[in-house]
There are 2 protein chains.
Amino acid sequence: MPAQRPRGVSIQDVARAAGVSRQTVSNAINAPHKLRADTLERVTALIEEMGYRPDQSARSLRSGTRRVIAYTTPETDPDNPNALMSGFLEAMVAAAGEAGYRILLVRPRPGQSKARALEDVIAARTADAILLSDVLEDDPCVDYLHETGFPFAVFGRTRPGMPQAWVDVDSAQAMIDMVGLLTSHGHRRVAYLGTSAALPWLRHREAGFRIGMRRFGLVGHEAFVDGLDEVMAVTRDLLNRSPRPTALVLDDDWLAPGAYAAAQAEGLTVGVDLAVTGFNDMPYTRLLQPALTTVRLPLRRIADALVSRLLQSVEEGTPPEAGLLLAGDPVLRASMTTVA
Amino acid sequence: MPAQRPRGVSIQDVARAAGVSRQTVSNAINAPHKLRADTLERVTALIEEMGYRPDQSARSLRSGTRRVIAYTTPETDPDNPNALMSGFLEAMVAAAGEAGYRILLVRPRPGQSKARALEDVIAARTADAILLSDVLEDDPCVDYLHETGFPFAVFGRTRPGMPQAWVDVDSAQAMIDMVGLLTSHGHRRVAYLGTSAALPWLRHREAGFRIGMRRFGLVGHEAFVDGLDEVMAVTRDLLNRSPRPTALVLDDDWLAPGAYAAAQAEGLTVGVDLAVTGFNDMPYTRLLQPALTTVRLPLRRIADALVSRLLQSVEEGTPPEAGLLLAGDPVLRASMTTVA
DNA sequence: CTGAAAGCGCTAACAT
DNA sequence: ATGTTAGCGCTTTCAG
């Protein structure tokens, strides 16, 4: 039996102390312009002095708004932990916080589907809006949220026919830009090392690479790995194809340490004989020797856009009409080389 | 003016449909044993069918319990992002979820102190308990929470005189074990590369290293870096002291890429001529070539212990009497070497 | 085992 | 500009 925590100071207490009605105290907080300056000052001082804060539950019950965004954290694959999550969450907490919202982490109970967990959140009125990330093309959560009409937004993309309440990185364009960057450093023979998982963002990167190669008239091969164990062998093979590449484009920073080792095994020095580029700008890319040239995701701008879309849905009831594609920034570091 | 979201099905609706009182529906959810089997079944089926979930705000208002743990996310230093956070949070979300609680991320507003943010959480009754991490010796938040008597727990340690509501890794013992592991692999000359920041957990690791060295009768030097730029130079210097070390112990995985490069610059091959060990088992340590031997933190056990302490405080009103030190697990990987 | 009554703390709507 | 009234949806208390 949970011991009932002693309740603190209520709006009634403040009202009595100030000699006004409860409503006036409420107004001092929610609609200060409705009070005379002197009353406002007196009440505000008392609120501060007594440490009064409106009870969140009572307020939510009455007003129907919770000031909470639920985020269904993707299950972390222990073999490829989404280190990105910490940066994205960080940005979301900051962006939501500035708008007066907090992030509630929601995880489906064991055996429960993600959609079912969302149903709980909606039915129990736990949050005002829902944030999704790492969604696949046909994610049932998106369909479900679409049906209910509950405010939501997605970091990623949703397919046509679904609400376009999404924000994503223009991965293809970022890859094109990366190929352009290599071109401007004199590279002509560029290899691509990708991950074979069928994730949409990986396919966007691959498509961007191909477009870039064609546009800039470069030549090269592509190879894909299924697990990190394969990285060494596949990379070495790739480096030995002809024409021998002067640059190696990775579809994810995770491949970098293995690629570096493979280059070394081939007698190449990254940053001197071979350029290597990554994607994501994971924290550790700056630590690698040489530091990795990669694509930084504009996490804070993504978070701001997501929050603004979420709040638009909540406050105006109308979901955004189109998705938003934000540019990734190539970050030039020592793993880049210049070819004469 | 936030559009008021249409309210869903209430307990009243279910009660009417089932031909029972609201109380009976409430009992079906909160105290099923109080109902006759057939009534329970009928009501439960209706609850499921109508998609009824108790309104969280109403329930919280009435019962005084929120089923939420507030976690004040430490500000992430962009120069040394706490990649650990994602793993810890992951564990906390899972552990809390199994106990029926969710994690609410609370960040102080700009210009607001952390203690003040906690005051808001407590006064507004936003959460049942508060979780802190990355606390320093004299963190004012701990003093504040101590004063208020609000249930809280700390990942880290609090000083004597404060409630011992903490769980931490026994960093010193883990370092002793690591030195033991090196000893059992034949190492006698071991160097230590640490970070000079005055963080308690770093000092515990350092102390453990010294104890281990003395206990196992090893010899070696220590050196400290202030920023990641210094890693290369300081490590090279350390590797050149006499007696020349056969193993290098790092106080954090972050130092590993730089240390590897320094070793290579000295003509040493990690995993062959030189053993290197880290601390934390960050995700990328498995990717390094060779994979890093390091100390894995028992994040899930830490999270379980924190949740159980938190809930004890909430439900029984009595904070834990002593802190809990959990062993870290040395993880043997290819960066270890055997000395004849 | 089930039902009726009361009220948690707050704010919207209306009255003054 | 301030006060009054009513009720959000639920669970606790007490009666049957």
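Chain A is the first sequence line, chain B the second, and so forth, proteins listed ahead of strands; every chain is numbered from 1. For clarity, every value in this text was computed on a predicted model and none was experimentally measured.
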Quick check on [N]: is either OP1 or OP2 less than 4.0 Å from any side-chain nitrogen or oxygen of [X]?
| X | N | value |
| --- | --- | --- |
| A/Ser10 | C/dG9 | no |
| B/Ser63 | D/dC10 | no |
| B/Ser57 | D/dC8 | no |

* Does the side chain of B/Leu326 reach to within under 4.5 Å of the side chain of B/Leu324, using non-hydrogen atoms? -> yes
Whether [X] side chain and [Y] backbone form a donor-acceptor pair below 3.5 Å:
| X | Y | answer |
| --- | --- | --- |
| A/Thr158 | A/Val154 | no |
| B/Asp128 | B/Arg66 | yes |
| B/Gln164 | B/Met162 | yes |

* Between C/dC10, D/dG9, C/dT2, which nucleotide has the shortest distance from any of its atoms to the side chain of A/Arg125? -> D/dG9
* To do: With the side chain of B/Val20 defined as its heavy atoms from C-beta on, choose the nearest nucleotide among C/dG3, C/dT11, D/dG9.
  => C/dG3
Tell me, please, which residues at least two apart from [X] pass salt bridge (charged side-chain N to carboxylate O under 4.0 Å, His left out).
| X | answer |
| --- | --- |
| A/Glu48 | B/Arg116 |
| B/Glu41 | none |
| A/Arg109 | none |
| B/Arg42 | none |

* Asked: In degrees rounded to 10°, what angle is found between the helical axes fit to the five outermost pairs at each end of the helix from C/dC1-D/dG16 to C/dT16-D/dA1?
  -> 30°
* Counterpart residues, side chain to side chain contact (heavy atoms under 4.5 Å, CB included), relative to B/Asp304 (two or more places apart) -> B/Ala95, B/Arg300
Kindly give the atom pairs (protein nitrogen or oxygen, nucleotide nitrogen or oxygen) under 3.5 Å for nucleotides 14-16 of chain C.
none

Check: residues 136-143 of chain B side-chain donor-acceptor pairs under 3.5 Å, at least two apart:
residue: B/Asp139; atom: OD1; partner: B/Cys141; partner atom: N; Å: 2.8
residue: B/Asp143; atom: OD2; partner: B/Arg159; partner atom: NH2; Å: 3.3

* Asked: side-chain contact (heavy atoms from CB on, under 4.5 Å) with A/Leu306: which of A/Val167, A/Ile69, A/Leu132?
  -> A/Val167
* Walk me through it: do A/Lys114 and A/Glu119 pass the test salt bridge (charged side-chain N to carboxylate O under 4.0 Å, His left out)? => CA-CA 9 Å; A/Lys114 209 162 129 186; A/Glu119 192 189 324; over 6 Å; no
Can you check the [X] [atom1] to [N] [atom2] distance for me, whole Å?
| X | N | atom1 | atom2 | answer |
| --- | --- | --- | --- | --- |
| A/Asp13 | C/dC10 | CG | C1' | 13 Å |
| B/Gln12 | C/dG3 | CD | C1' | 12 Å |
| A/Asn27 | C/dA12 | CG | C1' | 10 Å |
| A/Asp55 | C/dC8 | CG | P | 12 Å |
| B/Ile11 | D/dG9 | CD1 | P | 11 Å |

* Does anything in residues 13-23 of chain A pair up under side-chain hydrogen bond (donor to acceptor under 3.5 Å, both in side chains), and if so which pairs, sequence neighbours excluded? -> A/Ser21-A/Thr24, A/Gln23-A/Asn27
Below 3.5 Å between N/O atoms, which protein atoms pair up with nucleotides 4-6 of chain C? Just atom names and distances, please.
residue: C/dA6; atom: N6; partner: B/Arg22; partner atom: NH2; Å: 3.1

* To do: Quick one: list whatever passes ring pair (Phe, Tyr, Trp, His ring centres under 6.0 Å) with A/Tyr52, sequence neighbours left out.
  => none
* Structure fact -> Residues in residues 29-49 of chain B with a heavy atom under 4.0 Å of DNA chain D, by number, are B/Asn30
